[in-house]
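To start, the structure itself, in structure tokens.
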Amino acid sequence: MSLVNGKRQADWFADEAGTDADGPYAGIVFNRPIDQIFSYRVPARLEEVVRPGQRVRVPLGRGNKPAVGYCVRIDAEAPSGIDPSRVKEVLDVLDDPPLINAAMLELTRWMAGYYACSWGQALDAVVPAGVKNQAGTRVGTFLTVPDEIRKSLETLELPTKQAEALAVLCRSDEPLTIADLCRLAKCASGPITALRQRGYVNTVRRRLPKDAFNASSSAALGDDSDAKPIPALTVEQTAVMAAMTPALEGDEFATFLIHGVTGSGKTEVYLSAIERVMARGREAIVLVPEISLTPQTIRRFRRRFGKIAVLHSHLSDAERHRHWRSIAAGEVQVIVGARSAVFAPARRLGLIVIDEEHESTFKQETTPRYHARDVAVKRAQLERIPILLGSATPALETWRNAELGRYVRLPMMERVGARPMPKVELIDLSHERLPLGGLSEPLRQAMIAALKDDGQVMLLLNRRGFHTFVICPNPRCNQVLKCHACDVALTYHKGRRLLICHTCDAERPRPSACPNCQAPNLHYGGIGTERLEREVEMAFPDSVSRRMDSDTMRTPGSHEQVLAAFRSGEIKILLGTQMIAKGLDFPNVTLVGVVNADTALHMPDFRAAERTFQLVAQVAGRTGRGDRPGRVLVQTFAPDHYAIDCASRHDYEGFVACELPERQRFGMPPFGRLVRLIGRGPDEPQVRTFMNELLETLKAAALPGVTMHGPAPTPISKIRNLYRYHLRLRSESPRPLQTLLQAVAPSIAPPGEVELAIDVDPVNLL
DNA sequence: AGCACGCCGACT
DNA sequence: GTCGGCGTGCTC
């Protein structure tokens with residue numbers, strides 16, 4: 001609805017009757033680290049307009065500088081404890097209708113408390129930038145005909161051109177722009193100006209999508225639903241659906257963990273569940289890791305549901321805005337997207353699905369550092385709807401929640417078509433010679449065999465570049481070349497003849513001698529995908545191979561092109577980083593090789609074993625999806641490590657049985673909660689001093705059950721010339737940590753250029 | 001986070 | 001004598 005003079009047209013006569021005794025008050029929060037709700041008087045002209053969930057402009061501070069805030073509530077009377085003489089008035093309403101509904105207001109308030117930020121900051125993170133700046137829309141002047149003129153149209157005596165223009169405008173069901181009317185009435189703007197001056201036409205200012213200004217609007221949300229037969233559910237899928245039915249059909253909160261091995265048909269279960277809630281006129285949100293948001297995935301949803309909204313990071317502001325509005329208007333029933341799609345403004349949400357629930361990309365690494373899975377569970381709880389978490393290798397937090405009965409675990413242990421899980425063979429690198437670099441003799445032989453059999457091969461190596469480090473050969477120096485701005489070893493990229501920092505992307509030419517001691521003949525070591533590619537090309541000159549990592553996939557669409565070429569069989573050997581391992585299934589892949597399974601194992605992170613297990617287990621599921629059996633070869637220096645051993649036997653529960661006691665012994669998640677306080681700044685002593693003071697503040701507020709570690713430099717102690725220290729808080733349950741943070745929050749102002757970040761439930765400890 | 005107020009060093 | 005350094009405290 002449009003606003004006229006800040007009022008709804010329907011309420012045009014309301015103010016004469018209004019009693020303006022005290023007037024309503026609006027509770028406003030700001031996108032600033034101020035954890036308070038400010039009260040502003042709502043002036044009479046805005047009384048019928050201001051509603052919770054809108055952005056408003058209000059004067060703030062001594063200079064009454066206009067600031068944008070979010071209205072979170074309307075009070076009939078002045079809230080107690082504020083001086084009425086100091087209350088200011090709301091200036092302006094920015095959104096009509098409101099951007100945020102009641103459920104999302106509640107959700108963001110919870111986020112603020114849980115993730116230790118202000119309500120305003122949480123709200124600001126939920127609304128996309130394109131929506132805030134109304135990208136893709138513009139304000140235009142539109143012409144309408146007043147009713148009395150319309151009625152007396154015949155009796156008016158007007159010059160021909162004006163009469164013609166007026167008639168055209170009367171026949172249009174929509175208000176027209178001046179330009180449109182000129183075109184339709186085949187006249188210049190003169191007659192129209194005359195009509196306006198005579199008061200025969202009115203002008204209204206409206207904000208509309210840009211494409212509405214030139215008549216033809218394109219179908220925004222793709223709709224290529226070519227019906228494909230819906231496969232009948234397997235016995236196991238049927239059983240899982242049956243278990244979820246009461247929740248899907250009643251309005252109740254329930255969290256289901258669909259623990260299904262790769263190839264067990266989890267997606268089909270998601271689709272069936274979505275159909276159930278759609279049939280009741282409800283909407284569903286599907287969250288997938290950004291990397292899985294491929295055309296292939298999207299097509300699958302689109303074929304089944306027709307009109308869906310896809311939210312991914314490459315949308316323009318205008319596209320995102322359009323999708324958001326379309327969702328809020330109830331025009332789309334299925335929303336598929338990455339992390340931030342958890343905030344999609346669905347009106348009657350009926351279901352949330354999170355695929356690959358364990359993926360760390362669901363954690364946002366900027367304030368507010370929320371975990372989309374945990375926010376989604378909270379949202380489901382607030383909206384009283386079911387939520388489905390799907391994974392072959394659930395996060396241990398999720399597993400534990402299932403064990404404790406908070407989530408319902410629904411196992412799916414059979415692969416569709418009764419295909420066996422591929423056999424995984426471990427190659428102990430401590431007993432192997434690696435003549436060329438990355439490929440052991442058994443892996444090379446297996447590749448020869450697979451290719452000879454007309455199968456395809458995937459090789460996974462989680463490191464970009466040619467050499468992963470450069471070191472000075474002089475034993476007295478022996479320094480690894482590091483980035484100038486970061487505490488990180490530089491990687492040599494042979495193709496570009498550059499040393500590159502993978503943390504800040506800084507590049508520099510390779511030096512001819514050690515920058516520290518001038519020794520010549522620097523030693524290059526470690527294997528990255530670039531070097532593996534070279535090795536494969538040399539060993540298999542007759543088979544087309546392709547490298548896929550973020551270096552080769554720079555142009556948009558290249559990802560899809562390579563995958564299409566691999567699918568068609570044109571490419572025989574696909575090698576690359578994580579990005580080849582995610583959610584893709586290629587029936588003709590008969591061999592998967594993990595070049596180095598240990599890359600994550602020795603990280604200084606309590607989740608190192610879990611990450612290693614997940615990586616190997618996921619990759620192992622990528623083969624044997626067609627009719628032919630698959631083989632998986634995993635190269636490792638630690639074949640006896642339980643993470644690798646269990647992954648090779650597809651034994652999730654075995655891994656859990658080894659890992660959980662370790663976690664319990666150290667009180668790590670899922671047996672305790674962590675909060676990480678990260679201080680960073682350009683001056684190391686200043687950061688260190690601040691963090692030490694912060695520790696004292698925390699100790700002074702001491703809470704039973706909260707233990708503190710540090711402060712200590714973070715494992716990567718410097719990034720982009722900012723020194724980093726962290727302090728870790730641990731507790732059995734989240735509550736004491738929340739209380740502690742809230743208690744000390746007012747008294748921790750970092751000095752000068754130091755910044756403090758609070759990471760609740762950290763996933764990344766670097 | 002901004003932004004104003006406030007109390008101490010090197011300049012016309 | 002002043003311009004300005006950024007420490008401290010507030011924002012309905």
Side-chain angles (χ1 to χ4, degrees), chain A residues 20-47 49-94 105 108-109 111-112 115-127 129 132-133 364 366-369 677-683 685-694 696-697 700 722 741-759:
Chain A
D20 52 311
D22 200 18
Y25 289 77
I28 310 293
V29 296
F30 298 96
N31 177 25
R32 297 172 189 202
I34 323 167
D35 199 19
Q36 280 176 67
I37 299 172
F38 294 83
S39 292
Y40 286 83
R41 272 205 63 163
V42 178
R45 84 194 144 81
L46 294 176
E47 253 182 57
V49 181
V50 179
R51 277 177 286 162
Q54 285 166 327
R55 288 176 308 156
V56 295
R57 210 191 314 273
V58 294
L60 183 65
R62 273 172 283 205
N64 283 330
K65 232 190 140 222
V68 175
Y70 289 84
C71 174
V72 294
R73 62 172 196 228
I74 300 290
D75 304 308
E77 286 168 22
S80 59
I82 60 162
D83 177 357
S85 66
R86 287 175 57 197
V87 174
K88 300 170 188 175
E89 278 195 352
V90 175
L91 299 173
D92 227 345
V93 173
L94 297 176
L105 276 175
T108 48
R109 196 176 51 155
M111 283 175 66
Y115 292 108
C117 65
S118 72
W119 194 353
Q121 287 173 309
L123 279 164
D124 216 59
V126 158
V127 182
K132 277 180 278 201
N133 61 29
Q364 172 135 87
T366 56
T367 312
R369 297 177 168 235
L677 302 166
I678 309 144
R680 58 169 186 267
D683 183 50
Q686 193 184 30
V687 177
R688 193 186 334 116
T689 308
F690 166 66
M691 293 302 280
N692 282 322
E693 286 164 6
L694 179 56
E696 295 311 314
T697 313
L722 299 178
L741 288 176
Q742 265 157 28
V744 301
S747 51
I748 46 174
E753 295 172 282
V754 179
E755 283 179 285
L756 177 69
I758 301 177
D759 194 353

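Letters A, B, ... are given to chains in the order of the sequence lines, protein chains preceding strands, and every chain is numbered from 1.
Across dC3(B), dC12(C), dA1(B), the shortest atom-to-atom separation from the side chain of Ile34(A) is found for dA1(B). You'll find that the side chain of Pro33(A) is closest to dA1(B), out of dC12(C), dA4(B), dA1(B). Listed nucleotides: dC12(C), dA1(B), dA4(B). Nearest to the side chain of Tyr40(A): dC12(C). The side chain of Lys65(A) has dC3(B) as its nearest neighbour among dC12(C), dG2(B), dC3(B). Each of dA1(B), dG9(C), dC12(C) was ranked by its minimum atom distance to the side chain of Ile82(A); first place goes to dC12(C).
Following rounding to the nearest Å, Phe38(A) (CZ) and dC10(C) (P) show an atom-to-atom distance of 12 Å. Atom-to-atom, CD1 of Ile748(A) to C1' of dG9(C) comes out at 16 Å; the value is rounded to the nearest Å. For the pair Asp75(A) CG and dC12(C) C1', the computed distance is 12 Å after rounding to whole Å. In this structure, Leu60(A) places its CG atom 19 Å from P of dG9(C), rounding to the nearest Å. Look at CZ on Arg86(A): it is 9 Å from C1' on dT11(C), rounded to the nearest Å. Between the CG atom of Asp683(A) and the C1' atom of dC6(C) there is a distance of 15 Å, given to the nearest Å. The CZ-P distance, from Arg32(A) to dC3(B), rounds to 8 Å in whole Å. Distance CG (Asn64(A)) to P (dT11(C)): 12 Å, rounded to an integer number of Å.
Closest approach of Leu91(A) to Pro66(A), counting heavy atoms only: CD1-CB, 4.3 Å.
Side-chain contact, Tyr70(A) with Asp124(A): a donor N or O sits under 3.5 Å from an acceptor N or O.
Here Pro751(A) lies out of heavy-atom contact (under 4.0 Å) with every strand.
Side-chain atoms of Arg41(A) do not come within 3.5 Å of backbone N or O of Val87(A) as any donor-acceptor pair. Tyr40(A) places a side-chain N or O within 3.5 Å of a backbone atom of Pro59(A) that can act as its donor or acceptor partner. A side-chain donor-acceptor contact under 3.5 Å links Lys132(A) to the backbone of Val127(A).
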